[in-house]
Amino acid sequence: LGQDTTSLEADIRALLTEEATLKKNASERRYIVNDPTVEKLGELLNENPRGLLLVRDELSGLLQSFNKQGREGDREFYLEAWNGTAGFTVDRIGRGTLHIPSLTLSVIGGIQPAKLDPLIRSATTGSGGDDGLMQRLQQLVWPDKVNKWRNIDRAPDREAADRAAMIFEALDRLEPSAKFNLETVDGEIPALRLSPEAQIVADTWR
C-alpha cells in the first residue's frame with residue numbers, strides 16, 4: 001500500500017511482459033493443421049508427439065505441391081509419416097537438429113474425380129507417382145445411393161454429442177505410462193495391447 005504509483009506501474013508492466021514471454025514460449029497443444037511446410041510440420045510434431053491431423057478441403061492442392069521446385073523431399077516425408085510407429089530426426093545446418101519422437105500424421109480431405117484420375121493413373125502405370133503414396137490413401141465416395149429419402153428437420157442430440165466430447169477429452173488426457181503396462185518391441189514406440197475380451201471384438205469387426 002505504501003508503494004508510489006510509478007513503482008506499482010513498473011511492477012505491473014514487468015509482470016505483463018513476463019506473462020507475454022511465457023505465452024510465447026509455451027507449446028500449444030495442436031490437433032489439426034491445414035497448410036504447413038514440412039519444416040514447420042516437423043516442429044509441430046516434435047511438440048505434439050501424439051500426432052496431428054492434416055485437413056485439406058482440396059487434397060489436390062497438397063498432392064500437387066509435392067511437385068513444386070524446392071519441395072521434392074516433402075513426398076518422402078509424408079510417406080515416412082504413414083506408419084506412425086517410429087521416430088524421425090531432421091538435421092539441418094541452419095535449423096540444427098530436431099527429433100520427432102513419433103512421426104504420426106493422418107491426412108483427410110476432399111478431391112474431385114477429374115483431379116483424382118491422373119493421380120491414380122500415375123500411381124498404377126509405373127511412372128513417377130508409383131511410390132506408394134496414393135496406395136496409402138483410403139477412398140470414401142459420397143453420397144451413397146439412397147433408395148428412399150426422407151427429410152428430417154430436428155435439433156441434434158445434444159446429450160449424445162456431450163457424451164462423445166467427454167470420451168474424446170478423456171482419451172486426450174490419458175497418460176498410458178502412468179496407469180498401464182506398455183509393451184515395447186525392438187525399441188519402437190510403446191503401445192497398449194487390447195485385453196483378451198476386447199481383442200475378440202476387434203477380430204470380429206476386422
Side-chain angles (χ1 to χ4, degrees), residues 24-142 168 171-177 182-193 206:
K24 182 179 179 180
N25 295 332
S27 296
E28 180 185 11
R29 176 73 171 96
R30 294 287 298 274
Y31 302 89
I32 294 174
V33 292
N34 298 116
D35 187 26
T37 63
V38 162
E39 292 77 15
K40 183 61 179 180
L41 191 53
E43 293 179 3
L44 292 172
L45 286 168
N46 171 266
E47 297 169 358
N48 297 273
R50 293 189 176 188
L52 294 168
L53 173 65
L54 191 151
V55 180
R56 290 292 295 266
D57 186 51
E58 293 289 343
L59 268 181
S60 58
L62 172 68
L63 297 172
Q64 290 172 6
S65 72
F66 297 154
N67 299 321
K68 291 183 178 178
Q69 185 176 0
R71 299 187 64 176
E72 294 84 358
D74 290 12
R75 193 178 182 100
E76 283 69 27
F77 182 89
Y78 280 82
L79 284 167
E80 292 265 6
W82 181 75
N83 286 337
T85 58
F88 191 83
T89 301
V90 182
D91 296 305
R92 297 290 186 273
I93 292 177
R95 291 175 172 264
T97 297
L98 178 69
H99 179 65
I100 304 169
S102 173
L103 187 60
T104 305
L105 180 69
S106 298
V107 178
I108 189 171
I111 189 170
Q112 293 83 10
K115 293 184 177 181
L116 179 63
D117 184 59
L119 296 171
I120 297 295
R121 281 204 308 271
S122 176
T124 56
T125 57
S127 56
D130 188 14
D131 58 1
L133 179 64
M134 293 305 299
Q135 287 86 339
R136 283 165 166 81
L137 300 177
Q138 297 180 0
Q139 182 176 340
L140 296 174
V141 179
W142 183 89
F168 297 149
L171 291 172
D172 184 54
R173 293 193 303 268
L174 183 66
E175 294 294 341
S177 58
L182 298 178
E183 180 173 310
T184 303
V185 180
D186 297 331
E188 293 184 352
I189 297 170
L192 288 170
R193 291 187 65 85
R206 184 176 58 190

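- Remark: Thr104 OG1 to Phe88 CZ distance equals 12.5 Å, nearest 0.5 Å.
- Remark: side-chain polar atoms of Asp91 are not paired, donor with acceptor, to backbone N or O of Thr97 under 3.5 angstrom.
- Looking at Val90 and Asn46, their side chains never come closer than 4.5 Å, going by heavy atoms from C-beta outward.
- For Leu171, the CG atom counts as densely surrounded, since its 6.0 Å shell holds more than 12 non-hydrogen atoms of other residues, nucleotides or ligands.
- Residues Arg30 and Leu44 share a closest heavy-atom pair of NH1-CD2, 3.9 Å.
- Separating the CG atom in Asp74 from the CD atom in Glu39 is a distance of 7.0 Å, to the nearest 0.5 Å.
- Of all heavy-atom pairs spanning Ala123 and Gln135, the tightest one is O-NE2, 3.3 Å.
- Atom CG of Leu79 is surrounded by more than 12 heavy atoms from other residues, nucleotides or ligands within 6.0 Å.
- Looking at heavy atoms from C-beta onward, Leu133 lies in side-chain contact with Leu63 at the 4.5 angstrom threshold.
- Checked by atom type and distance alone, the side chain of Arg71 never pairs as donor or acceptor with a backbone atom of Val38 at under 3.5 Å.
- Between Leu103 atom CG and Leu45 atom CG the span is 6.0 Å, to the nearest 0.5 Å.
- The two residues Gly84 and Ser102 make their nearest non-hydrogen contact at O-OG, 4.0 Å.
- Annotation: the span from Met134 atom CE to Gln139 atom CD amounts to 8.5 Å, rounded to 0.5 Å.
- The backbone N or O of Leu98 sits nowhere less than 3.5 Å from a side-chain atom of Glu43 that would complete a donor-acceptor pair.
- Two residues are said to be in side-chain contact when any heavy atoms from C-beta on lie closer than 4.5 Å; Asn34 and Ile32 meet this criterion.
- For the pair Leu116/Leu59, no side-chain contact is recorded, criterion being any heavy-atom separation below 4.5 Å from C-beta on.
- Taking the side chain as every heavy atom from C-beta outward, Arg29 and Arg50 approach each other to under 4.5 Å.
- Counting heavy atoms from C-beta on, the side chains of Tyr78 and Leu41 come closer than 4.5 Å.
- Partners of Arg136 by side-chain hydrogen bond (donor to acceptor under 3.5 Å, both in side chains), not counting sequence neighbours: none found.
- Side-chain contact between Arg56 and Val107 is absent, with no heavy atoms from C-beta onward closer than 4.5 Å.
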